[in-house]
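A short write-up of the structure that comes next.
These numbers were taken from a predicted model, which means no experiment stands behind them. Residue numbers start at 1 and run along the sequence shown. Computed from heavy atoms alone, side chains included, the values below leave out hydrogens, waters and symmetry copies.
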Amino acid sequence: MNEYVEGNYQAVVIGAGHAGCEAALALARTGINTAMLTLNLDSIAFMACNPSIGGTAKGQIVREIDALGGEMGVNADKALLQIRVLNRGKGAAVQSLRGQEDKNRYHALMKQTLENTPNLKILQAEVTDILTENDKVIGVKTAFGGVIYCEAVVVATGVYLNGSVIAGEWKRSSGPNGFQPANELTASLIKLGFNVKRFKTGTPARVSAKSIDFSVLEKQDGETDVFPFSFLSDGVPQKQRPCYLTYTNEKTHEIIRANLHRSPLYAGVIHGIGPRYCPSIEDKVVRFADKERHQLFLEPEGDNTEEIYVQGMSTSLPQDVQKQMYRTIKGLEHCEIMRYAYAIEYDCIDSLDLYPSLEFKKVSGIFTAGQINGTSGYEEAAGQGLIAGLNASLKIRGEEPLILRRNDGYLGVLIDDLVTKGTNEPYRMMTSRAEYRITLREDNTDLRLTPLGRKAGLVSDYRYERYLKRKAELEKATVLIEKLYKPKEVLSLLTEHGFDKPNAALSAGDLIRRGISLKEIAEKTGGFEGISDDVLYTAELNAKYDGYIKKEDEQIDRFKKLEDKVLPPDIDYLSINGLRLEARQKLDKIRPQNLGQAGRISGVSPADITVLMVYLKK
């Protein structure tokens, strides 16, 4: 095939899923002339699995993407069918937004955003080769023989690399939802020095809403009094679509157990490693044999479709078994399947081959983001895409990369876990992974990250003005909360809540820590007029958790001291006396950037860190 020059750009993004979209926008919006290549324009920002954005810890990530200048939150708010806050009964640190999305509208809106972004060209083409010279990227080559020259490449290929779709005895080379796979790029990645492995994920069936008896199911409505994903959005829809709750039963489990020999998961047909925290229904039945039922959610896929997503019933069992199995579920006894469930295997890389900037260690200018890095989830992918795209832009502009630390945000935790610890299964973010989750709440992401996004050139003037206004309001609210009130001014409030008469003046913060809401305090005392509800919410949480936040701040200060002790990139770890052999090998492979990162490497002990500290002093 004859080669020809397709074009010259500063950056190329390979893939247009959630990671690719954010990477391309981050590059183009910071003035970088960018080309985004995708196997199919119809797959841009496609929700191949769950028609939702957010969830536990993922809602925090969407807010962080938004605070840095990303698009996912803005788009999610426009395509909402329903929105709720998860973990309402728990502390604010683990509460997260989750929105049901109109998946076709989400795709269309993101495609429209990309098409109307200056500095960005979109091209339907398969990349087969990444071109390098002297360990530096110089371009990419397409299946048609087109060569695109560039200074940086972001690889965001999702589950398309050598994708194989499997259901029972049926197996086919394919991407998700019948889209074509990318079967040639893996060889190029291996040639460049990437360590490639095989992961697996799956999706449940979609059934026709017309065939479901919703009258026997538990209805779950959305919430209209919550804040949206994006700080640029003014509210959430007041009219929302319901979801419905149902369960598997013993009959369902009997059918699954009777057909395990036909499950590719148990027959040895699937070799990829699946997600621990999102197992297939057959895996649930085997692993949790004592459970009489498993929860299922019926979720609409859009306003203009009858397709209902059966959340919690992912499977790779044969289609005839699926039909029997789904029809044992209450409300689904006569269901008609519109799309059958399947598993998908795909190639991904070892994330230990990456710097915290998400740049490949062995070739300058190659960045990777999303499921190719071993993660699962739209939100994790989009967050990595934004960071990879922004760091590719900063590299082209000759500036230092944006490295988020674990105390900066969930994105900092996610990337640090990937490049320091690696992952042997599809990685999923959870609130329990964050040490400083009282600080990393969903409501304060702009206060933590918008200045960083502004410094990197991604946060627009309009977004920054909104941030400054919110910050000023919060400062005003904080001062008012610390204002002292004489006993008689707050006596009725304390009496209503069963407290004794105070002997001294109390602040609004003192009342909040006694369990009295800021809304009640504001009604009694006044002074909070003109401050928006979302700012009052943040101010109230800061006051309520003040003691915990101060303790966490002390922990963060200790953490920063280790993070600030930079390790020279040319250290010969193999020759340092006193380090254990395992520590030498791990440190030599990962090449941590500081003592803090070194201490989080599996196989590096506190004693090894002490040896390194002595070495640095010398």
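Heavy-atom minimum distance, Leu440 versus Asn444: C-OD1, 4.2 Å. Closest of all the heavy-atom pairs between Leu536 and Ala477 is CD2-CB, 4.4 Å. Between Glu64 and Gly409, the shortest heavy-atom contact is OE2-CA, 3.2 Å.
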Problem set entry | Derivation of the side-chain contact (heavy atoms from CB on, under 4.5 Å) call for Val196 and Thr186 | CA-CA 8 Å; Val196 173; Thr186 295; 4.1 Å; yes
Problem set entry | Step-by-step side-chain contact (heavy atoms from CB on, under 4.5 Å) determination, Leu394 to Glu400 | CA-CA 6 Å; Leu394 289 165; Glu400 289 295 310; over 6 Å; no
For this session: In sequence, state the C-alpha distance, the side-chain angles, and the governing distance for Leu68 and Ile387, and then conclude on side-chain contact (heavy atoms from CB on, under 4.5 Å).
Result: CA-CA 9 Å; Leu68 286 165; Ile387 297 299; 4.2 Å; yes
For this session: Assess whether salt bridge (Lys or Arg N to Asp or Glu O under 4.0 Å) is satisfied between Glu151 and Lys136, documenting all intermediate values.
Result: CA-CA 8 Å; Glu151 300 172 51; Lys136 185 177 180 181; over 6 Å; no
For this session: Show your reasoning for whether side-chain contact (heavy atoms from CB on, under 4.5 Å) applies to Phe367 and Ser357.
Result: CA-CA 8 Å; Phe367 297 79; Ser357 62; 4.2 Å; yes
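We find the SG-OH distance between Cys150 and Tyr9 to be 11.0 Å, quoted to the nearest 0.5 Å. Once rounded to the nearest 0.5 Å, the distance linking CG of Leu37 with CD1 of Ile14 reads 7.5 Å. With values rounded to the nearest 0.5 angstrom, Asn407 atom CG is found 8.0 Å from Thr439 atom OG1. Residue Ile65 holds its CD1 atom at 6.5 Å from CG of Leu386, rounded to the nearest 0.5 Å. Put simply, CD on Gln371 and SG on Cys348 are 9.0 Å apart, with the number rounded to the nearest 0.5 Å. Note that CD1 of Ile601 and CD of Glu582 are 10.5 Å apart. Values are rounded to the nearest 0.5 Å.
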Could you list the donor-acceptor pairs under 3.5 angstrom formed between side-chain atoms of residues 19-28 and any protein atom two or more places apart in sequence or on another chain?
residue : atom : partner : partner atom : Å
Glu22   : OE1  : Glu71   : N            : 3.1
Glu22   : OE2  : Glu71   : N            : 3.1
Glu22   : OE2  : Met72   : N            : 2.7

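Looking at Asn195 and Asp353, their side chains do bring a donor and an acceptor atom within 3.5 Å of each other. No side-chain donor from either of Gln10 and Thr34 sits under 3.5 Å from a side-chain acceptor of the other. Remark: the Tyr462 side chain and the Arg466 side chain contain an N/O donor-acceptor pair separated by less than 3.5 Å. Between the side chains of Tyr346 and Asn162, no donor-acceptor pair of N or O atoms lies under 3.5 Å. Side-chain contact, Arg454 with Thr450: no donor N or O sits under 3.5 Å from an acceptor N or O. At a cut-off of 3.5 Å, with distance as the only test, a side-chain donor of Ser233 or Asp77 sits close to an acceptor on the other residue. Checked by atom type, the side-chain pair Thr420/Gln597 shows a donor-acceptor distance below 3.5 Å. The closest side-chain donor-acceptor pair between Thr375 and Gln384 falls under 3.5 angstrom. Side chains of Asp66 and Ser230: a donor-acceptor N/O pair is present below 3.5 angstrom, by distance only.
Counting only residues at least two apart or in different chains, salt bridge (charged side-chain N to carboxylate O under 4.0 Å, His left out) contacts with residues 532-545 comprise Arg470-Asp534. Applying the salt bridge (charged side-chain N to carboxylate O under 4.0 Å, His left out) test to pairs two or more places apart or on separate chains, those with a residue in residues 422-439 are Arg276-Glu425, Arg406-Glu435. Among residues at least two apart or in separate chains, salt bridge (charged side-chain N to carboxylate O under 4.0 Å, His left out) pairs with a member in residues 592-604 are Asp416-Arg600, Glu563-Arg600. Every pair passing salt bridge (charged side-chain N to carboxylate O under 4.0 Å, His left out) that includes a residue from residues 356-378 is listed here, sequence neighbours excluded: Glu359-Lys395.
Without hydrogens or angle criteria, Ser351 side chain to Leu418 main chain gives a donor-acceptor distance under 3.5 Å. Between the side chain of Thr157 and the main chain of Tyr160, no donor-acceptor pair closer than 3.5 Å is present.
Contact annotation: the side chain of Arg441 approaches that of Ile549 to within less than 4.5 Å [non-hydrogen atoms, C-beta and beyond]. Leu404 places none of its side-chain heavy atoms less than 4.5 Å from the side chain of Ile415. Considering only heavy atoms from C-beta on, Lys58 stays 4.5 Å or farther from Thr431 through its side chain. Put simply, the side chain of Tyr378 reaches to within 4.5 Å of the side chain of Cys49, judged on heavy atoms. Within the 4.5 Å cutoff, no side-chain heavy atoms of Ile344 are placed close to those of Lys200. Inter-residue side-chain proximity for Ile366 and Ile130 is flagged as met; some heavy-atom pair is nearer than 4.5 Å. The closest side-chain heavy-atom distance from Gln60 to Glu379 is not below 4.5 Å. In this structure, Leu185 and Asp129 have side chains that are not in contact, with every pair of non-hydrogen atoms separated by 4.5 Å or more.
Environment of CG in Asp553: crowded, with over 12 heavy atoms of neighbouring residues, nucleotides or ligands closer than 6.0 Å. Other residues, nucleotides and ligands contribute more than 12 heavy atoms inside 6.0 Å of the NZ atom of Lys589. By the neighbour-count criterion of 12 heavy atoms within 6.0 Å, atom CG of Asp564 is densely surrounded, having more than that number from other residues, nucleotides or ligands. Counting non-hydrogen atoms of neighbouring residues, nucleotides and ligands closer than 6.0 angstrom, the NZ atom of Lys197 exceeds 12 such neighbours.
Under a 4.0 Å N-O distance rule, the pair Glu223/Arg88 qualifies as a salt bridge. For the pair Asp510 and Arg513, the salt-bridge criterion is met [side-chain N within less than 4.0 Å of a carboxylate O]. A salt bridge links Asp546 and Lys550; the closest N-O separation between the charged side-chain nitrogens and carboxylate oxygens is under 4.0 Å. A salt bridge is absent between Glu465 and Lys469; no separation between the charged side-chain nitrogens and carboxylate oxygens falls under 4.0 Å. Between Asp347 and Arg198 a salt bridge is recorded (basic side-chain N to carboxylate O distance below 4.0 Å). Under 4.0 Å is where a charged nitrogen must lie from a carboxylate oxygen, and between Asp417 and Lys421 at least one such pair does.
Both tests pass for Arg63 against the ring of Phe231: distance under 6.0 Å to the centre and angle within 45° of the axis.
With sequence neighbours excluded, the residues that form a side chain to side chain contact (heavy atoms under 4.5 Å, CB included) with Pro568 are Asp570, Ile571, Leu616.
Put simply, the residue from Arg591, Gln585, Arg584, Lys586 that forms a side-chain hydrogen bond (donor to acceptor under 3.5 Å, both in side chains) with Asp588 is Arg591.
The aromatic ring centres of Phe360 and Phe194 sit less than 6.0 Å apart. Between Phe559 and Tyr436, the distance separating the two ring centers is shorter than 6.0 angstrom.
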